[in-house]
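Notes follow the structure.
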Number of protein chains: 2
Amino acid sequence: MSFPKPNLAVDLALITVMDGHLCCLLMNRQDAVEVGGDWALPGGFVHIDETIEQTALRVLQQKAGMETAYLEQLFTYGNLNRDPRERVVSVSHFALVPAKNLAKAVRGKNQLALARIIVNWDGETGGAASAFSEKLGTLNLAFDHADMLGDVVKRLRGKLNYSDIALELLPEFFTLRQAQEIYEAILGHKLTKPAFRRKLTDRKTIEPTGQRETASAFRPAELYTRI
Amino acid sequence: MSFPKPNLAVDLALITVMDGHLCCLLMNRQDAVEVGGDWALPGGFVHIDETIEQTALRVLQQKAGMETAYLEQLFTYGNLNRDPRERVVSVSHFALVPAKNLAKAVRGKNQLALARIIVNWDGETGGAASAFSEKLGTLNLAFDHADMLGDVVKRLRGKLNYSDIALELLPEFFTLRQAQEIYEAILGHKLTKPAFRRKLTDRKTIEPTGQRETASAFRPAELYTRI
DNA sequence: AGAATAGTGTCTCTCAGACAGTATCTT
DNA sequence: AAGATACTGTCTGAGAGACACTATTCT
């Protein structure tokens with residue numbers, strides 16, 4: 001091959017639900033003027049001896065300090081000027097992480113932020129997203145990462161109906177109310193309790209433990225776990 | 001960037017339904033021993049001044065002689081030895097083409113074949129596929145193209161429930177019976193007529209023309225068209 | 001007329017949403 | 001006991017599958 005090749009990278013949206021909000025890990029960039037924004041998804045180039053998935057795992061470990069997570073490839077972005085400095089094609093992924101794990105990864109590192117993902121559309125119809133932090137306000141996203149985040153939300157909403165990926169966002173033991181909060185945060189609207197409970201308990205992927213939550217005001221709910 | 005980069009390519013599954021069978025365009029290769037099979041999906045490298053989508057369109061034009069088609073990006077394959085000769089990462093796409101158009105593209109070119117896609121699983125659960133031609137028997141697929149074809153079928157089956165992409169496989173004017181054959185070929189099982197008709201006519205994406213098919217034995221069916 | 005397909009009416013079953021009720025725990 | 005939340009019973013309506021029926025066109 002003698003002709004010049006595009007660079008190949010992986011970008012990673014680390015997703016969680018915290019306090020009822022769909023959130024994402026972002027990294028602060030010093031080269032904001034060049035790349036079009038202050039904040040970006042963690043990413044890295046695909047090395048010659050790495051598969052795409054291995055690159056994603058390496059980014060997960062090096063940039064977020066996490067060993068493992070539910071990881072899924074999403075889409076490959078190849079617009080000519082998505083990185084204004086040079087040609088970079090990027091394979092986006094999302095990772096689903098329980099809130100405590102992601103909060104721990106961010107703690108003490110002020111180049112990392114856990115921002116809310118804001119979308120202004122409903123259902124599964126697409127569009128870009130924006131990022132908002134209580135401390136820092138609206139975060140300006142670099143590259144085409146606003147589009148990437150929008151596509152992540154779209155995919156998550158689409159998959160909720162026919163898969164159990166949302167359970168990846170919960171700790172090992174959880175109440176059905178916690179599960180419902182996860183679904184509501186992703187979908188962006190409220191659900192009715194009885195229907196939600198039936199849907200989840202009818203699937204054979206969770207089971208009651210007989211234990212109950214502790215430190216709750218009023219009646220404690222039963223704890224479930226994934227099978 | 002000083003480190004070596006992977007090559008970046010696009011592979012294209014040109015899909016149609018012919019005589020009740022889900023089919024795909026394949027190209028004969030002379031380097032079968034090196035690449036692991038006689039037949040491959042048409043593909044090409046992503047040039048430095050091309051988007052991914054532009055590469056896919058160029059492959060569509062150069063390799064299949066078609067100007068345009070419904071085109072969708074599917075998945076990016078990056079296993080280290082998927083091309084035994086050198087490192088190639090490939091972004092797979094599928095294109096949906098009415099049977100007549102694809103048959104016309106193949107006609108007279110004996111390096112091209114229109115092969116049936118064979119899967120041995122049901123529903124939407126994945127796996128690899130194989131290719132079969134009435135004239136040539138089972139076609140040996142190069143690279144990881146058996147996996148790619150399996151993923152194409154999986155995606156198509158998944159999208160049938162909530163989109164109208166199957167209508168891309170029909171000519172401008174078509175009967176509901178023809179539409180049902182398309183759906184049945186993709187899903188791999190029969191559907192019931194009244195339910196299928198309701199589902200299609202309830203969506204606001206097709207409308208009756210008042211015209212009827214010609215040259216049919218017995219009662220001719222009404223022709224519909226996409227809105 | 002007969003054959004074969006086009007197209008429809010209706011029953012049932014399942015499932016999700018909605019509401020209202022009962023149960024149980026903490027303060 | 002009071003209050004707040006966990007959990008459930010049941011009604012209703014939408015939608016898919018199945019079956020049987022009618023309608024239309026060609027030979």
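Just so you know, these numbers come straight off a predicted model, no measurement behind them. A note on names: the letters A, B, ... follow the listed sequences, proteins ahead of strands, and every chain is numbered from 1.
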Query raised in the report: Taking DNA chain C as the partner, which of residues 177-186 of chain B come within under 4.0 angstrom of it by heavy atom?
Result: B:Arg177

Report task. Measure the distance from CZ on A:Phe174 to C1' on D:dA6 and round it to the nearest whole Å. Result -> 16 Å

Query raised in the report: Please give, in whole Å, the distance from C:dT24 P to A:Glu213 CD?
Result: 16 Å

Report task. Would you check if there is a donor-acceptor pair between the side chains of A:Thr76 and B:Thr76 at a distance under 3.5 Å? Result -> yes

Report summary line: From the list A:Val10, A:Leu25, A:Leu26, side-chain contact (heavy atoms from CB on, under 4.5 Å) with A:Leu41 holds only for A:Leu26

Query raised in the report: Between B:Asp11 and B:His145, is any side-chain donor less than 3.5 angstrom from a side-chain acceptor?
Result: yes

Query raised in the report: Between B:Asp164 and B:Thr205, does any side-chain donor sit less than 3.5 Å from a side-chain acceptor?
Result: yes

Report task. Starting from C1' on D:dA14, measure out to CG on B:Asp202 and report it in whole angstrom. Result -> 11 Å

Query raised in the report: Whole-Å distance between C:dG17 P and A:Leu200 CG?
Result: 13 Å

Query - NZ/A:Lys100: more than 12 non-hydrogen atoms of other groups inside 6.0 Å - result: no

**Report entry** NZ (B:Lys104) with more than 12 external heavy atoms under 6.0 Å
**Finding:** no

Query raised in the report: Could you run down nucleotides 17-27 of chain D 5' to 3' and tag each one B, S or - for protein heavy-atom contact under 4.0 Å?
Result: BBB---BBBS-

Query raised in the report: How long is the line joining CZ of A:Arg197 and C1' of C:dG17, in whole Å?
Result: 16 Å

Report task. Say whether, by atom type as modelled, one donor and one acceptor occur between the side chain of A:Ser133 and the main chain of A:Lys135 under 3.5 angstrom. Result -> yes

Query - Side-chain donor-acceptor pair present, B:Tyr70, B:Glu72, cut-off under 3.5 Å - result: yes

Report summary line: To the nearest angstrom, the CD-C1' distance between A:Glu222 and C:dT24 comes to 13 Å

